[in-house]
Amino acid sequence: MTQPFWAPEYDVTADEARDLIASQFPALQPHSVEPFGSGMDNVAYLVNATYVFRFPRRAIVVPLLETEARALPLIASQLPTPIPVPRFVGEPQGNYPWIFAGYEMLPGIPACTAVLSGEQRAGLAASLGTFLRALHAIDPAVAAAYLPRDNIGRFDHAKRMPLSEERFSHLEATGYITDAAPFLDFLRRHPPGELEPRAIVHGDLYARHV
């Protein structure tokens, strides 16, 4: 039976994580390594109740982690809110085939798990807007050597227009907008061309990442 594309190719256990960290970062002397979370791409462990170490579960994720390890330290100081910055970057060792990274744990919970009042949501929206405005204001040349361009075709009109038509039609059918035609006409008249990098963007901003 064919495995789904999101199936892990290698899952690091807590004992393996402890051994890798102790071998490559002996100053940490990990006395506690606890499961912190896992997703399609990574498994994470909380080390000494202070650091979160992420280990890729699939090879396709490794270049993303490499980009993160290089780019985030370059932009962190220009943002109004702390972001995870890799303090430790480990190498393949033994049976484990890829790099891994450790970050100082930041306090908080994912937005998708929070039960918020309308007033609290408004406050969160303001804070998120302030953060994104600061992110988009950073000169992209700061990290251009490490950050990818539009490598998933966000500006590919032939690819995105059918999806836009489908989604705007759904919004119209469900009553969220009264008429999809003006939005779609605008998109048809203004197909994006090849753009120079103008801003650094998150690229995968949704509730689990806030």
Side-chain angles (χ1 to χ4, degrees), residues 8 11-14 16-22 24-58 60-91 96 98-140 142-143 146-148 199-210:
D11 245 343
V12 170
T13 67
E16 287 178 304
R18 183 191 303 275
D19 291 344
L20 286 165
I21 295 165
Q24 299 192 32
F25 308 106
L28 287 181
Q29 289 297 313
H31 58 264
S32 66
V33 178
E34 303 172 7
F36 192 74
S38 64
M40 186 168 67
D41 293 338
N42 300 276
V43 60
Y45 291 96
L46 180 61
V47 176
N48 296 347
T50 302
Y51 299 105
V52 176
F53 273 80
R54 290 170 59 213
F55 297 85
R57 305 177 78 199
R58 303 185 297 142
I60 194 173
V61 181
V62 176
L64 305 180
L65 188 59
E66 292 172 340
T67 294
E68 183 177 294
R70 295 184 180 117
L72 292 188
L74 300 177
I75 66 174
S77 64
Q78 301 183 59
L79 297 170
T81 304
I83 64 172
V85 176
R87 293 190 56 183
F88 309 94
V89 179
E91 301 292 335
Y96 182 68
W98 306 309
I99 70 165
F100 58 97
Y103 316 71
E104 188 170 347
M105 185 178 67
L106 299 177
I109 60 173
C112 61
T113 66
V115 179
L116 303 174
S117 67
E119 183 177 354
Q120 289 171 322
R121 286 179 179 274
L124 177 61
S127 298
L128 181 58
T130 298
F131 174 85
L132 291 175
R133 182 166 56 197
L135 176 66
H136 300 160
I138 297 173
D139 182 352
V142 168
Y146 305 121
L147 293 176
I200 296 172
V201 299
H202 186 285
D204 193 16
L205 188 67
Y206 76 120
R208 293 183 66 87
H209 291 165
V210 176

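Note that the coordinates shown come from a computational prediction; the quantities given were computed from them, not determined experimentally. The residues of the chain are indexed from 1 along the displayed sequence. Computed over heavy atoms, backbone and side chain alike; hydrogens, waters and symmetry mates excluded.
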Handout entry: Residue pair Y45 / R18, side-chain donor-acceptor N/O under 3.5 Å
Key = no
Handout entry: Flag, side chain of S32 to backbone of V47, donor-acceptor distance under 3.5 Å
Key = no
Problem - Atom of P56, atom of L65 and distance for their closest heavy-atom approach - result: CG-CD2, 3.8 Å
Exercise for the section: Please round to the nearest 0.5 Å and tell me the distance separating atom CG of L28 and atom OH of Y51. Expected result: 6.0 Å
Exercise for the section: Quick one: closest heavy-atom pair of A49 and M105, and the distance? Expected result: O-CE, 4.0 Å
Completion exercise
Tested for side chain to side chain contact (heavy atoms under 4.5 Å, CB included) against V12, the lone hit among F55, W98, F53, F100 is F55
Completion exercise
When every non-hydrogen atom of L106 is compared with those of P84, the smallest separation belongs to CD1-N, 3.6 Å
Completion exercise
Between the CZ atom in F131 and the NE2 atom in H202, the distance rounded to the nearest 0.5 Å is 7.0 Å
Practice task
Go through Y103 and R54 one step at a time and tell me if the side chain to side chain contact (heavy atoms under 4.5 Å, CB included) criterion holds.
Solution key: CA-CA 8 Å; Y103 316 71; R54 290 170 59 213; 2.8 Å; yes
Fill in the blank from the handout: Looking only at heavy atoms, the pair that brings A76 and V85 closest together is CB-CG2, 3.6 Å
Problem - Separation between CG of L132 and OG1 of T81, rounded to the nearest 0.5 Å - result: 9.5 Å
Practice task
Kindly compute the distance separating CD1 (I83) from CD1 (I75), expressed to the nearest 0.5 Å.
Solution key: 4.5 Å
Practice task
Please answer whether the main-chain N or O of R87 pairs with a side-chain N or O of E104 as donor and acceptor at a distance below 3.5 Å.
Solution key: no
Problem - Interatomic distance, T130 atom OG1 to L135 atom CG [nearest 0.5 angstrom] - result: 12.5 Å
Problem - Exercise: identify the closest heavy-atom pair between E16 and D11 - result: OE1-O, 3.6 Å
Exercise for the section: Test R57 against D41 for side chain to side chain contact (heavy atoms under 4.5 Å, CB included), laying out the working first. Expected result: CA-CA 5 Å; R57 305 177 78 199; D41 293 338; over 6 Å; no
Practice task
Could you tell me which non-hydrogen atom of H136 sits nearest to which non-hydrogen atom of A199, and how far apart they are?
Solution key: O-CB, 3.7 Å
Practice task
Output the distance between atom OG1 (T67) and atom CG (L72), rounded to the nearest 0.5 Å.
Solution key: 9.5 Å
